[in-house]
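All residue numbers in this chain count up from 1 along the given sequence. Note that these values count all heavy atoms, side chains included, but never hydrogens, waters or copies made by symmetry.
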Amino acid sequence: SFGIDVVIAENGREAVEFTIQDHFDLIIMDIQMPIMDGFTATEHIRKQANRSNIVVLTANVAAKEDSRFSLLELDGFLLKPVDKKSLIFTLDPFLNDL
């Protein structure tokens, strides 16, 4: 309903590979993923000088206070469980530019 194309990575390594192959306007990065977690995947993406907007998805309410998040140059946070209202509120600033 947002009129966007969605690509789903099965794990963090695949997410990194996708960003090497293509440009994404917005990445929603789950912190809890198999093979490579979201912290590591985001570090790899940023090391590529990739400036895609990255919104972190986490169940950890205290995550914003985690020093690893501040080092990753993130653009937003979504807390699990995600409801439609919080999803729209968090993603709206990024979607308006598309």
Side-chain angles (χ1 to χ4, degrees):
S1 68
F2 289 114
I4 58 176
D5 294 322
V6 176
V7 175
I8 298 174
E10 297 296 321
N11 58 66
R13 183 181 306 145
E14 190 174 65
V16 172
E17 291 171 4
F18 286 165
T19 63
I20 291 170
Q21 299 168 9
D22 203 354
H23 168 78
F24 295 90
D25 296 309
L26 176 65
I27 298 168
I28 300 175
M29 181 67 71
D30 195 345
I31 292 302
Q32 298 293 324
M33 291 189 292
I35 301 178
M36 179 186 293
D37 67 33
F39 284 116
T40 307
T42 300
E43 286 175 334
H44 284 286
I45 291 168
R46 290 301 190 219
K47 284 180 184 174
Q48 300 169 25
N50 185 316
R51 293 302 315 144
S52 295
N53 294 305
I54 299 178
V55 172
V56 167
L57 178 64
T58 181
N60 184 353
V61 176
K64 287 185 179 183
E65 308 305 320
D66 190 319
S67 62
R68 294 177 289 181
F69 282 110
S70 62
L71 298 174
L72 295 177
E73 302 174 47
L74 300 170
D75 300 291
F77 290 88
L78 269 171
L79 295 175
K80 294 179 188 177
V82 178
D83 59 49
K84 187 175 181 178
K85 184 177 178 181
S86 64
L87 178 68
I88 291 169
F89 179 80
T90 302
L91 300 186
D92 187 59
F94 307 107
L95 298 175
N96 284 332
D97 293 338
L98 301 180

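Heavy atoms from other residues, nucleotides or ligands lying under 6.0 Å from CD of Gln48 number more than 12.
Residues Ile8 and Val6 approach most closely at CG1-CG1, 4.0 Å, considering heavy atoms.
Here Glu73 pairs with Arg51 under the salt bridge (charged side-chain N to carboxylate O under 4.0 Å, His left out) rule; sequence neighbours left out. Partners of Asp75 according to the salt bridge (charged side-chain N to carboxylate O under 4.0 Å, His left out) rule, which considers only residues two or more places apart in sequence or in another chain, are Arg46. For the side chain to side chain contact (heavy atoms under 4.5 Å, CB included) test, residues two or more places apart in sequence or in another chain that qualify with Phe24 are Val7, Phe18, Thr19, Asp22, Ile27, Ser52. In this view, Val82 and Leu57, Leu78, Ser86, Leu87 satisfy the side chain to side chain contact (heavy atoms under 4.5 Å, CB included) rule, not counting sequence neighbours.
Atoms CE and OG1, on Met29 and Thr58 in that order, are 13.0 Å from each other to the nearest 0.5 Å. Taking CG from Leu26 and CZ from Phe94, the interatomic distance works out to 6.5 Å, rounded to the nearest 0.5 Å. With rounding to the nearest 0.5 Å, the separation of CE in Met36 from NE2 in His44 is 4.0 Å. Taking CD1 from Ile45 and CD1 from Ile20, the interatomic distance works out to 9.0 Å, rounded to the nearest 0.5 Å.
Here side chain to side chain donor-acceptor pair (under 3.5 Å) pairs that include residues 3-15, with residues two or more places apart or in two chains, number zero.
Linking ILVMFWY residues whenever their side-chain heavy atoms come closer than 4.5 Å, directly or via other members, leaves Ile35 and Phe39 in distinct clusters.
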